[in-house]
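Small disclaimer: the values here were computed from a predicted structure and weren't measured.
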Amino acid sequence: MIDPLKTPKRTNRPHFPAWRLVAATAIGAMAIHGFAATTGQLPAWVCQHPDAVFVDGFAGTPAIVHQPSNGSGGNYPGNLTITFFASGLGFLTYYAHVPSNYSPSHPMPLMFALHGAGGPNTGDFAAQTVRNDWSATADSGGFIVVAPIGSDGPNGSWSVPPKAGTTDYDVFVAILANVQSRYNIDLSRRIGWGYSAGGHVMHDLILGAYSANVNINTFAAYSVNAGVLAGLACQGLSGAQCTALVAGANRKIPLDIHIGTGDSQLYPYAVDDQSRFLVNGWTSNSTLYFTTFNGGHIYTQQNLAEIWTNLCPFQLLP
């Protein structure tokens, strides 16, 4: 059984086919399943050149496709604490890191980073920690980091659907809209990442049908460190139902899975997840990266650098 401290909990969840289909219908087929998004792969130089956003289009380099948000007005560079008002949600705070080579005239990729569950009232500290841990890779890779704060205070974790009222999934929508209005984000190069409970949530966001604004067609690619399908997306489902959930994805979104071989509780689930994605059309070391390392329920700076290397080349194209 997965540690409940690290796992957001579904409550009052109806039988699998009904609640998934109802959610998808409410959001609209065009928003989730009918939107013909495709995965593009950028030329190698985009990820190898430290100032790729400035080189693009100059000195004979081929122009690449951008989808700029054209946001302006946000402070930069460095570590930032951002508080704003969102209608229906009140004042929200998130943590961000903007690298030194950011310029409002050049759209920059975004890393949307979700922390794990560390126990009572640890969400704020955990969000700052993942923001800080991603900062060095963001500076070298040239992308902005955004780290929301989980609202499940007793567990330092995340509030998830189908909980009555607003959940952190609604907060994610508001935070993405806010950061994209403050900074010029390349909307084709948003990448999701989550650790532990945050990884469980990231699988759920990608494979579930919760929002027209945060879903599989929001992110070019995503990664989980010590995150598994059974932690949330497939919580309470049979193996066949979980396989059906993966098979129903409308694109083989590039995915990076990092798991410590000493993470005895989650390692077997991660191995099963690897098989489930491969059986359903993902390709090893192309659209699915599965990396094991010596260690337990942790992530390392090397993990983060490897994740960026693996997922940097991907972009979401209409």
Side-chain angles (χ1 to χ4, degrees), residues 2-10 92-97 110-135 137-138 145-161 163 167-176 179 190-208 210-211 214-216 218-219 221-235 253 255-260 263 265-266 269-270 273 291 295-301 303-304 306-308 311:
I2 294 177
D3 186 346
L5 180 62
K6 299 180 175 67
T7 308
K9 287 294 181 184
R10 298 267 185 229
L92 301 174
T93 296
Y94 63 94
Y95 296 101
H97 179 81
L110 177 73
M111 180 66 67
F112 192 73
L114 302 182
H115 63 77
N121 303 313
T122 57
D124 190 273
F125 176 76
Q128 292 184 66
T129 298
V130 297
R131 185 272 311 273
N132 296 344
D133 288 345
W134 269 106
S135 294
T137 301
V145 180
V146 165
I149 304 166
S151 68
D152 179 9
N155 290 318
S157 191
W158 304 96
S159 171
V160 302
K163 174 180 172 287
T167 71
D168 285 326
Y169 291 17
D170 301 300
V171 173
F172 296 160
V173 173
I175 288 176
L176 279 170
V179 72
R190 292 173 293 193
I191 296 173
W193 171 85
Y195 165 62
S196 189
H200 306 335
V201 167
M202 190 56 65
H203 273 314
D204 199 43
L205 282 173
I206 297 299
L207 297 175
Y210 302 104
S211 167
V214 180
N215 55 64
I216 195 170
T218 300
F219 298 98
Y222 79 105
S223 174
V224 296
N225 267 106
V228 297
L229 293 172
L232 188 59
C234 293
Q235 189 181 100
I253 181 172
L255 166 62
D256 179 292
I257 297 173
H258 270 66
I259 187 74
D263 192 347
Q265 193 171 44
L266 293 185
Y269 289 101
D273 291 348
T291 302
H297 194 75
I298 61 171
Y299 65 85
T300 69
Q301 288 293 326
N303 291 166
L304 303 185
E306 290 169 346
I307 290 164
W308 176 247
L311 300 185

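- Residues satisfying the side chain to side chain contact (heavy atoms under 4.5 Å, CB included) criterion with Asp133, sequence neighbours excluded, are Thr129, Tyr299, Gln301, Leu304.
- In this structure, the separation between CD1 on Ile206 and CG on Leu229 is 11.5 Å, given to the nearest 0.5 Å.
- A distance of 11.0 Å separates CG of Leu207 from CG of Asn215, quoted to the nearest 0.5 Å.
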How far apart are the C-alpha atoms of Tyr222 and His203, what are their side-chain angles, what is the distance that settles it, and do they pass the ring-ring contact (aromatic ring centres under 6.0 Å, His included) test? CA-CA 8 Å; Tyr222 79 105; His203 273 314; 5.5 Å; yes

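- In this structure Asp263 satisfies the side chain to side chain donor-acceptor pair (under 3.5 Å) test together with His297, sequence neighbours excluded.
- Between Ala113 and Val145, the closest heavy-atom pair is CB-CG1, 4.4 Å.
- Of all heavy-atom pairs between Gly123 and Ile149, the closest is C-CG2, 3.6 Å.
- Judged by distance alone, the side chain of Asp152 and the main-chain N or O of Ser159 form no donor-acceptor pair under 3.5 Å.
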Any chance you could lay out the side-chain contact (heavy atoms from CB on, under 4.5 Å) test for Thr167 and Trp158, step after step, and finish with the verdict? CA-CA 8 Å; Thr167 71; Trp158 304 96; over 6 Å; no

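- A distance of 8.5 Å separates OG1 of Thr122 from CG of Asn155, quoted to the nearest 0.5 Å.
- For the pair Thr137 (side chain) and Trp134 (backbone), a donor-acceptor distance under 3.5 Å is absent.
- Rounding to the nearest 0.5 Å places CZ of Phe219 at 13.0 Å from CG of Leu255.
- For Thr7 against Ala197, the heavy-atom pair with the smallest separation is N-CB, 4.5 Å.
- Between the side chains of Tyr210 and Asp204, at least one donor N or O lies within less than 3.5 Å of an accepting N or O.
- Summarising the geometry of Leu232 relative to Pro8, their closest heavy-atom pair is CD1-O, 3.5 Å, with the distance given to 0.1 Å.
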Check against side-chain contact (heavy atoms from CB on, under 4.5 Å), Asn225 and Trp193: CA-CA 8 Å; Asn225 267 106; Trp193 171 85; 2.8 Å; yes

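- At a threshold of 4.5 Å between non-hydrogen side-chain atoms, the residues Tyr95 and Asp124 count as touching.
- Closest approach of Ala117 to Ser157, counting heavy atoms only: CB-CB, 3.6 Å.
- Proximity of His115 to Gln128: side-chain heavy atoms (C-beta onward) are nowhere separated by under 4.5 Å.
- Scanning for side chain to side chain contact (heavy atoms under 4.5 Å, CB included) contacts around Ser135 gives Asn79, His97, Arg131, with sequence neighbours left out.
- Residue Ile298 holds its CD1 atom at 7.5 Å from CG of Asn303, rounded to the nearest 0.5 Å.
- In this structure, the separation between CH2 on Trp308 and CD1 on Ile191 is 4.5 Å, given to the nearest 0.5 Å.
- Formation of a donor-acceptor pair under 3.5 Å by the Asp256 side chain with backbone atoms of Ile307 is not found in this model.
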Checking side-chain contact (heavy atoms from CB on, under 4.5 Å) for the pair Ser151/Val171: CA distance, chi angles, key distance, verdict? CA-CA 9 Å; Ser151 68; Val171 173; over 6 Å; no

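- Judged purely by atom type and a 3.5 angstrom limit, His200 has no side-chain atom pairing as donor or acceptor with the backbone of Gly227.
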I'd like to know whether Lys9 forms a side-chain contact (heavy atoms from CB on, under 4.5 Å) with Lys163, so could you lay out the CA-CA distance, the side-chain angles of the two residues, the decisive distance to 0.1 Å, and finally the verdict. CA-CA 9 Å; Lys9 287 294 181 184; Lys163 174 180 172 287; over 6 Å; no

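- Between Ile253 and Ala221, the closest heavy-atom pair is CG1-CA, 3.9 Å.
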